[in-house]
Amino acid sequence: MSLKIHNTLTGKKEEFKPSDPKDIKIYVCGPTVYDFAHIGNARPVVVFDTLVRLLRHDYEKVTYARNITDIDDKIMERALKKNVPISEITEKYTKHYEEDMAVLNNKLPDIRPKATDYLPSMIKMIEVLIEKDHAYEIEGQVLFHVPSMENYGELSGRSIEDLKAGARVDVGDYKKFHADFILWKPSTDEQPSWESPWGRGRPGWHLECSCMIEDNFGETIDIHGGGLDLIFPHHENEIAQSRCSHGGKELANYWMHNGYLTVEGEKMSKSLGNYVTVHDLIKEFPNKGEAIRLCLLSAHYRQPTDFSREGIRQAEKQLNRWYKAVEGVSASDKDISPKVLGALHDDLNTPKAIMELGQLAKEGSAASLLASAQLMGFLDNKDWFKELDEINGLSASEIEALIVRRSEAKANKDWTLADKIRNDLEDQGIALLDSAAGTSWTKK
RNA sequence: GGUGCGGUGGCGGAGAGGCUACGCAGCGGAUUGCAAAUCCGUCUACACCAGUUCAAAUCUGGUCCGCACCUCCA
């Protein structure tokens, strides 16, 4: 069963052929750590985590890298405003990012390179590009000269001609061509800076990915992933830098891009302010990170999908059912359903895979359900049904006491009192569940 | 203006020429002191107009609508 991937580079669904089946190399663009990640930022994380899980099932070794952008103007703004070094900002939000993503049951990538650790590599790559006449220096800045590259624009389907047509006014005079982009720029005194042959400054934002890939993997990797909005200019420019410094060698054989998460039909983004952070969401749905994950995977990764709390509640119900179906069951990789695998191998068709999980639950194939769900990062929470100790000021023991009183009332056939206790607790968000074994409670 | 993506039942969301998923919600029933859960049954659909075909949600052409990228953004 072979994996098929929709490759942005060709616009087609292709069979995945690794350059070295003994070591699959995948790189995904990670966060700029200046603020909490929003739920839209979590989508590529969940999507590529799922892909990596599948690759690890298929191949003996997979190396997964995701970068941390810790040099950026937005970080500098924050640091300046709070009057702290940028590392204080970046360390804080890197930690939050990784913790929040872990709650959605994403595994940490094998390599998590930071931009600030790659300055020597970035400077070296700029030198190579200048030497090969793909870049030029002007007034302390170094720019990549876009027309110096044949086939620029292959990934995003743009030609140099298109770029000329789409030119906007207000282009800095220093540029030879308006689409030329920054490789190095000077810093002011209060901005963080590094020593370089072109004076003190900092790197352009596309450069880190090219260098991290080169240093960790070499010239060509198998899969490069990220959000749709990175196709242009970020990934296009990454390709330009890497190909031009590597004699034209392909940077990545397969490019995968996830679609947007929308809120009421609009793109969720920090600039629009219509975002919900993962950090807040996991507080709102404590212990239900998998429900958020299920939500994010219930649409195909290339389709846009709308975010809603109702969707999370639905996902939670579905997971409740699955968790009940696999109680006391153990499973191994051999139990993974071929249908689930088949769906995932078809360009990561997670909605179809989820449907197959539902079928397994329905027909009582518990071991198969467990193994297949775990492959996708579900049914991994041993405490799924465990609720918080305290809800709305009521402690667990107070609730237990009320349950005892209600049981007594029930024994006396005092249904009025029994119902009153149920309804009172219900009003406070606590649901009582009667069963043969006794009464338990859960948060509504 | 250029480029790309999409419009499927109340909602979410697969499928991609004939077998019309699945989930949530709804409705009917079983069960239950009540409630939940569970089980059984069940109703709604392929934006529009032409065309190809024995057969189209699926292919072709056109129309309308929505979204995104072209500037920092997952």
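Labels below follow one simple rule: chain letters A, B, ... track the order of the sequence lines, proteins then strands, and each chain is numbered from 1.
A salt bridge is absent between A:D414 and A:K420; no separation between the charged side-chain nitrogens and carboxylate oxygens falls under 4.0 Å. Using a 4.0 Å cut-off between charged side-chain N and carboxylate O, A:D424 and A:R405 make no salt bridge. Electrostatic pairing of A:D380 and A:R293 does not count as a salt bridge here, judged by no charged N lying under 4.0 Å from a carboxylate O.
Heavy atoms of A:R406 sit under 4.0 angstrom from at least one base atom. Here A:F232 lies in heavy-atom contact (under 4.0 Å) with sugar-phosphate atoms only. A:H38 comes within contact range of at least one nucleobase, with a heavy-atom separation under 4.0 Å. Nucleic acid contact class of A:I354 (heavy atoms, under 4.0 Å, all strands): none. The residue A:D72 sits apart from the nucleic acid: no heavy atom pair falls under 4.0 Å. Residue contacts for A:Q314: at a heavy-atom cut-off of 4.0 Å it reaches a base atom on one of the strands shown. Using a 4.0 Å heavy-atom criterion, one finds that A:T305 contacts the sugar-phosphate atoms exclusively. At a threshold of 4.0 angstrom between heavy atoms, the contacts of A:R321 are confined to the sugar-phosphate backbone, with no base atom among them. Residue contacts shown for A:E356 are absent, as no nucleic acid heavy atom lies under 4.0 Å away. Within 4.0 Å of A:G11, counting heavy atoms only, lies no atom of the nucleic acid at all. At a threshold of 4.0 angstrom between heavy atoms, the contacts of A:I231 with the nucleic acid are absent.
On a pure distance criterion of 3.5 Å, no polar donor-acceptor pair joins the side chain of A:D306 and the base of B:G12. One donor-acceptor pair, N or O on each side, does fall under 3.5 Å between the base of B:A35 and the side chain of A:R422. For A:R158 against B:C70, no side-chain N or O and base N or O form a donor-acceptor pair under 3.5 Å.
Between A:K352 atom NZ and B:G13 atom C1' the separation is 13 Å, expressed in whole Å. One can place NZ of A:K413 at 12 Å from P of B:C34, the figure rounded to the nearest angstrom. For the pair A:H300 NE2 and B:G12 P, the computed distance is 18 Å after rounding to whole Å. What separates CG of A:L297 from P of B:C22 is a distance of 21 Å, to the nearest Å. Regarding A:H235, its NE2 atom lies at a distance of 9 Å from the C1' atom of B:A74, rounded to whole Å. Rounding to whole angstrom units, NZ of residue A:K317 and C1' of B:G26 are separated by 12 Å. Whole-Å rounding puts the A:L348 CG to B:A14 P distance at 12 Å. Straight-line distance from the CZ atom of A:R309 to the C1' atom of B:G12: 17 Å, rounded to whole Å.
The side chain of A:Y260 lies closest to B:C69 when the candidates are B:G23, B:C69, B:G33. Distances from the side chain of A:D419 to the nucleotides B:A74, B:A14, B:C34 place B:C34 closest. Each of B:A14, B:G33, B:A21 was ranked by its minimum atom distance to the side chain of A:M355; first place goes to B:A21. In the set B:A74, B:C22, B:G15, the nucleotide with an atom closest to the side chain of A:N349 is B:G15. Side-chain atoms of A:N41 lie closest to B:A74 of the nucleotides B:G33, B:C22, B:A74. Here the side chain of A:D434 is nearest to one of B:G15, B:A35, B:A68, namely B:A35. Closest to the A:A299 side chain, of the nucleotides B:G13, B:G33, B:G6, is B:G13. Of all nucleotides listed (B:A21, B:A74, B:C24), B:C24 comes nearest to the side chain of A:E310.
Along RNA chain B, the nucleotide closest to A:G226 and the one closest to A:K13 are compared, and the more 5′ of them pairs with A:K13. Judged by closest nucleotide on RNA chain B, A:L433 is the one of A:Y34 and A:L433 placed further toward the 5' end.
In this entry B:C34 has no Watson-Crick or G-U wobble partner, no candidate having both defining distances under 3.5 Å. With a cut-off of 3.5 Å on both pairing distances, the Watson-Crick or G-U wobble partner of B:A47 is B:U63. Across all strands shown, B:C39 forms a Watson-Crick or G-U wobble pair, both distances under 3.5 Å, with B:G29. Under the Watson-Crick and G-U wobble criteria, each requiring two contacts below 3.5 Å, nucleotide B:U53 is left unpaired.
Between B:U8 and B:G13, the distance separating the two C1' atoms is 9 Å to the nearest Å. Atom P of B:A47 sits at a distance of 8 Å from the matching atom of B:G7, rounded to the whole Å. Nucleotides B:C22 and B:C40 are separated by 12 Å at their P atoms, to the nearest Å. Comparing the C1' positions of B:A57 and B:U20 gives an interatomic distance of 9 Å, to the nearest angstrom. Annotation: B:G29 and B:C43 have their C1' atoms spaced 15 Å apart (nearest Å). When the P atom is used for both B:U71 and B:U60, the distance is 32 Å, rounded to whole Å. Look at the P atom in both B:G6 and B:G17: the space between them is 16 Å, to the nearest Å. For the P atoms, the distance from B:A37 to B:C49 is 42 Å, rounded to whole Å.
Ring orientation note: the planes of A:W255 and A:H257 are close to parallel, at an angle under 30° on the 30°/60° scale. The aromatic rings of A:H224 and A:Y27 sit tilted, their planes meeting at an angle between 30° and 60°. Note on ring orientation: taking the six-membered ring where Trp is involved, the planes of A:Y152 and A:F232 are perpendicular (angle over 60°, cut-offs 30° and 60°). By the 30° and 60° cut-offs, the orientation of the rings of A:W384 relative to A:Y323 is parallel. Using cut-offs of 30° and 60° on the angle between ring planes, the pair A:H206 and A:H234 is tilted.
To the nearest 0.5 Å, atoms CG (A:L341) and CD (A:E356) are separated by 11.0 Å.
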